[in-house]
Number of protein chains: 2
Amino acid sequence: MNILIVHAHPEPQSFTSALKDAAVADLSAAGHSVVVSDLYAMGFNPVASAADFGSRGDADYLNYALEQRHNVKAASLAPDIAAELEKIQAADLVLLSFPLYWFSVPAILKGWIDRVFVSGIVYGGRRIYDGGGLKGKRAMAIVTTGGRDHMLSPGGIHGDLTETLKPLLQGSLGYAGMTVLPPFYGYHVPYIGAEAREAVLANFRAQLAAIDSREPLVMPSLADFDAEMKPL
Amino acid sequence: MNILIVHAHPEPQSFTSALKDAAVADLSAAGHSVVVSDLYAMGFNPVASAADFGSRGDADYLNYALEQRHNVKAASLAPDIAAELEKIQAADLVLLSFPLYWFSVPAILKGWIDRVFVSGIVYGGRRIYDGGGLKGKRAMAIVTTGGRDHMLSPGGIHGDLTETLKPLLQGSLGYAGMTVLPPFYGYHVPYIGAEAREAVLANFRAQLAAIDSREPLVMPSLADFDAEMKPL
């Protein structure tokens, strides 16, 4: 497989980074081709703006999605966006590695989605969910948290984390057509000792080795909705 | 009231920006003091990093939340963070004005939360929800979407938008202790005509004028959880 790991942690010595390094090592050793986009190390710009477009369909008014489509056709997307798109298009599996910031991805990773998931390739019109532009690729999030397991579970104070991550899991990865695997969660990692971290790391490696038996999350299907996207 | 409007749209002529301008005009005319953080106009940096800290508790390893606490005590947060924090602390009502990007806030606004909602002031330990650092302040999101109402409602293809926005509404604003009002949604606005936009704008102004009768969303309460945040 071709595997893209998108990593978003500001501290290279962090446990989140150690999980990413373990994924690179294990997946490479298993014979896969692994590419890493380390967003902090790259100084990735997360701000969607007019500067993302080498040409303009409408120079006087910025509709970001329409300019994405225009620039896909004109092959004039900003080079950093084009480079990430190329990595995604080559990938069979995309892993997103990040610490939970405010029950979501860090801004640098949000901006990677905002800018790289371009209309006209990744989505647009009925090109969503099982019609999405990234259909056939798998995605999995690798998430570290400050909170404990019981706080991020059904009935817990913050509720079920996989449901809370719907904007990412369904609204971005699933919307784009990817087969979305349940995330791996490393709970409370800034506050646990070395031994507990080793156990989390070992558990992660075991889950990654068994990724082919991971049951995907259920996503909406276009077959259940009419031409106006109303339920049939 | 002191009102802070945090605005995140790259096009000043956008309908999202028109909603923001209407809010500024109407709230100022009603005698309130209105401050706007126009994140694109400010060139706001959304990337949480070591550069946010004028001093370090641990110079060799970046734990972002711990350094936030250290820099609150040392009064050495980056000037742009300190300035935004001051605006929040002075505000009775915070309005977040943004277009829905991937069922969430644009990265520039996500980074405003990542960097400005600092541990030690806004949250930390049991300083969350009804114990949160921003207790007593109200917050409301003003959200424009490309999708139609029926696509973003219960039973619709993408599901209920207010539930989908949980990471923002509960996980950020509510977590920080704010009283969170239901969002205003302007649906499908890039694709509707001038007359329909006028109707959305009029509806928005009416809802804003009646903000005091808006029933807040229900948030978790610390009273329902024990010292380990387990349900009582």
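None of the values given here were measured: they were computed from a predicted structure. The sequence lines fix the lettering, A, B, ..., with proteins before strands; numbering per chain opens at 1. Only heavy atoms go into these numbers, but all of them, side chains included; no hydrogens, no water, no symmetry mates.
- Taken to the nearest 0.5 Å, the OG atom of Ser153(B) stands 11.0 Å off from the NZ atom of Lys230(A).
- Contact of the His158(B) side chain with the Ile128(A) side chain is registered, since non-hydrogen atoms from C-beta on lie closer than 4.5 Å.
- Using a 4.5 Å cut-off between heavy atoms, Ala48(B) contacts chain A through both its backbone and its side chain.
- Heavy atoms from other residues, nucleotides or ligands lying under 6.0 Å from CZ of Arg148(A) number 12 at most.
- Of the atoms belonging to Phe117(B), heavy atoms from both backbone and side chain fall under 4.5 Å from chain A.
- Rounded to the nearest 0.5 angstrom, Phe225(B) CZ and His150(A) NE2 are separated by 9.5 Å.
- Here Asp114(B) contributes atom CG and Ile108(A) contributes atom CD1; the two are 10.5 Å apart, rounded to the nearest 0.5 Å.
- If you take CG on Leu168(A) and CZ on Phe103(B), they are separated by 12.0 Å, rounding to the nearest 0.5 Å.
- Of all heavy-atom pairs spanning Ser104(A) and Pro167(B), the tightest one is CB-CB, 4.3 Å.
- If you measure heavy-atom distances from Pro231(B) to chain A, the contacts under 4.5 Å come from the side chain alone.
- With a threshold of 4.5 angstrom between heavy atoms, Asp224(B) does not approach chain A through any atom at all.
- In this structure, no portion of Asn45(A) lies under 4.5 Å from any heavy atom of chain B.
- Residues Tyr101(B) and Lys110(A) meet the side-chain proximity criterion, which asks for heavy atoms closer than 4.5 Å.
- Residue Tyr61(B) comes nearest to Phe15(A) through the heavy atom pair OH-N, 3.9 Å, listed as atom of the first residue, atom of the second, then distance.
- Interatomic distance, Met229(A) CE to Ile157(B) CD1, rounded to the nearest 0.5 Å: 5.0 Å.
- Atom OG1 of residue Thr164(B) and atom CD of residue Glu163(A) lie 10.5 Å apart, to the nearest 0.5 angstrom.
- Contact of the Ser49(A) side chain with the Tyr40(B) side chain is registered, since non-hydrogen atoms from C-beta on lie closer than 4.5 Å.
- Of the atoms belonging to Gln170(B), it is side-chain heavy atoms, and not backbone ones, that fall under 4.5 Å from chain A.
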